[in-house]
Amino acid sequence: MIKILANDGIHPAGQEMLEAAGFQVNTNKIAQEDLMEQLPSYDVVLVRSATKIRESLIDACPNLKIIGRGGVGLDNIDVDYAKGKGIAVYNTPAASSRSVAELVLAHMLTLSRSLHLSNRQMPAQGNTEFKALKKSYAAGSELQGKTLGIIGFGRIGQQTASLGLVMGMKICAVDPFVQEAQIEMALQHGSTVSATIATVSMDEMLSTSDYISLHVPSTERPIISNQEIQKMKNGVIIVNASRGGTIDEDALLQGLQSGKIGGAGLDVFVGEPTPRQELLQHAKISVTPHTGASTGQAQANIGTELAEKIIAYYKNQ
Ligand code: NAD
């Protein structure tokens, strides 16, 4: 029987598919230091970001056929080495796109209506300062009619565009490798409409967008630094759910301080898991601890996508 170790867990939907197809799935975590001894008895190992699959471990497992990574990045796996040994390496890049895009929209709505402040201040002052708080959150704004700038028009960027279009926003997308994209919008179950969105120049996006969201891979140098911020509209709202470091955090804090930037939504940070305290406590920043992909649906998608790939692999043997 094919033995699968899901060392960082797998959603029950994926586990059920594998077991129904006749595979044995172990979800009991084996400590990293014990994998050398115990992984050789498995045919497949599934990981998320915690378990590392390095060259020495691959060498210790001559029977290993598949390494599956639930999620996007493959930094914790020596991919080329594994492939060189004939091991298939799978990830699930599209499974969490919708989930991340919805979190981006949540940050945009939060900042537009001061929900982040209200949720911090109401529990402490709501009983005595209700009217004062109401007044302080009065300058809300709607997304409808605004322009949403998207940097990186790949899977998540396009999902975010779809949600923006449904909210009645104009989309201004930037991507050196994408000229245009067909954006599908689900209006209700089974009913979709689509729109073709052509990308524009960075300068056009920066100067016209009311909201800007980043969806690029991790970069060595920030894509948004002081120079780009100066080209933005006053009061712009920026959201980053891509990777820490794609925005220069010093420039962001300066922009917020000067009022050039109206607010920021951050799901990712430089130096995770210990982000800068001044970002976490800032009155103009809505924060989440890298939970872009943390929905039941995304985790189920990840599990079933991996299960489908494993089942297809063995079917083709
Ligand atoms: P993707 O590869 O589908 O899209 C990325 C796009 O960025 C590509 O179209 C690429 O051409 C474009 N790009 C590259 N360099 C660029 C640049 N300098 N300027 C503009 N565009 C550029 O990737 P994706 O699945 O959409 O993921 C996007 C980001 O989201 C990644 O950084 C990924 O790690 C991150 N992510 C975050 C979470 C979370 O929990 N917050 C979850 C999943 C993915």
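Indexing begins at 1, ligand by ligand and atom by atom, following the structure's order.
- Within 6.0 Å of CD in E278 there are more than 12 heavy atoms belonging to other residues, nucleotides or ligands.
- Looking only at heavy atoms of the protein, atom 25 (O) of ligand 1 is closest to R155 NE, 3.1 Å.
- Between the side chain of Q24 and the main chain of K3, no donor-acceptor pair closer than 3.5 Å is present.
- Short contacts between ligand 1 and I223, defined as distances under 4.0 Å to a heavy atom of the residue, involve ligand atoms 17 (C), 18 (N).
- Against a heavy-atom cut-off of under 4.0 Å, A293 is close to the following atoms of ligand 1: 40 (O).
- Ranking protein heavy atoms by distance to atom 5 (C) of ligand 1, first place goes to H215 O, 3.4 Å.
- Distances between N or O atoms of S96 and those of ligand 1 include no value under 3.5 Å.
- One N or O on the side chain of S99 and one on the backbone of G292 form a donor-acceptor pair closer than 3.5 Å.
- The nearest non-hydrogen atom to atom 16 (C) of ligand 1, considering only T288, V178, V216, comes from V216.
- Regarding atom 4 (O) of ligand 1, its nearest protein heavy-atom neighbour is G154 CA, 3.3 Å.
- Proximity of a side-chain donor or acceptor of N76 to a complementary backbone N or O of T51 within less than 3.5 Å is detected.
- Residue-ligand proximity, H290 to ligand 1, at heavy-atom distances under 4.0 Å covers atoms 39 (C), 40 (O), 41 (N).
- The F177 neighbourhood of ligand 1 comprises atoms 11 (O), with distances under 4.0 Å to a heavy atom of that residue.
- Put simply, the side chain of N63 never gets that close to the backbone of D43: no donor and acceptor are under 3.5 Å apart.
- In this structure the side chain of K231 never reaches within 4.5 angstrom of the side chain of S207, judged on heavy atoms.
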How far apart are the C-alpha atoms of T196 and E180, what are their side-chain angles, what is the distance that settles it, and do they pass the side-chain hydrogen bond (donor to acceptor under 3.5 Å, both in side chains) test? CA-CA 7 Å; T196 304; E180 63 173 37; 5.3 Å; no
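- Note: the hydrophobic cluster containing I77 also contains Y42 (ILVMFWY, side chain heavy atoms under 4.5 Å, direct or indirect links).
- Of the protein's non-hydrogen atoms, S242 O, 3.5 Å is the one closest to atom 35 (C) of ligand 1.
- Proximity annotation for atom 15 (N) of ligand 1: of P217, G152, S294, P217 comes nearest, heavy atoms only.
- The nearest non-hydrogen atom to atom 36 (N) of ligand 1, considering only I156, V104, V72, comes from I156.
- Taking 4.0 Å as the cut-off, G73 does not count as a neighbour of ligand 1 on heavy-atom distance.
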Output, in order, the C-alpha distance, side-chain angles, deciding distance and verdict of side-chain hydrogen bond (donor to acceptor under 3.5 Å, both in side chains) for S225 and E228.
CA-CA 6 Å; S225 58; E228 287 73 30; 2.7 Å; yes
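- Close approach to V174 involves these atoms of ligand 1, each under 4.0 Å from a residue heavy atom: 20 (C), 21 (N).
- For ligand 1, the polar-atom distance check finds an N/O of G292 within less than 3.5 Å of one of the ligand's N/O atoms.
- Atoms CG and CG, on L306 and L18 in that order, are 8.5 Å from each other to the nearest 0.5 Å.
- Here the heavy atom of the protein found nearest to atom 8 (C) of ligand 1 is D175 OD2, 3.4 Å.
- S97 does not count as a contact of ligand 1, since none of its heavy atoms falls under 4.0 Å from the ligand.
- For atom 42 (C) of ligand 1, the nearest protein heavy atom (residue, atom name, distance) is V100 CG2, 3.4 Å.
- With hydrogens and angles ignored, the 3.5 Å screen pairs no side-chain donor or acceptor of S286 with any backbone N or O of H116.
- Between K85 and D78 there is no salt bridge, since no side-chain nitrogen of the basic residue lies less than 4.0 Å from a carboxylate oxygen of the acidic one.
- In terms of protein heavy atoms, atom 41 (N) of ligand 1 is closest to D267 OD2, 2.9 Å.
- In terms of protein heavy-atom proximity, atom 20 (C) of ligand 1 is closest to P176 CD, 3.3 Å.
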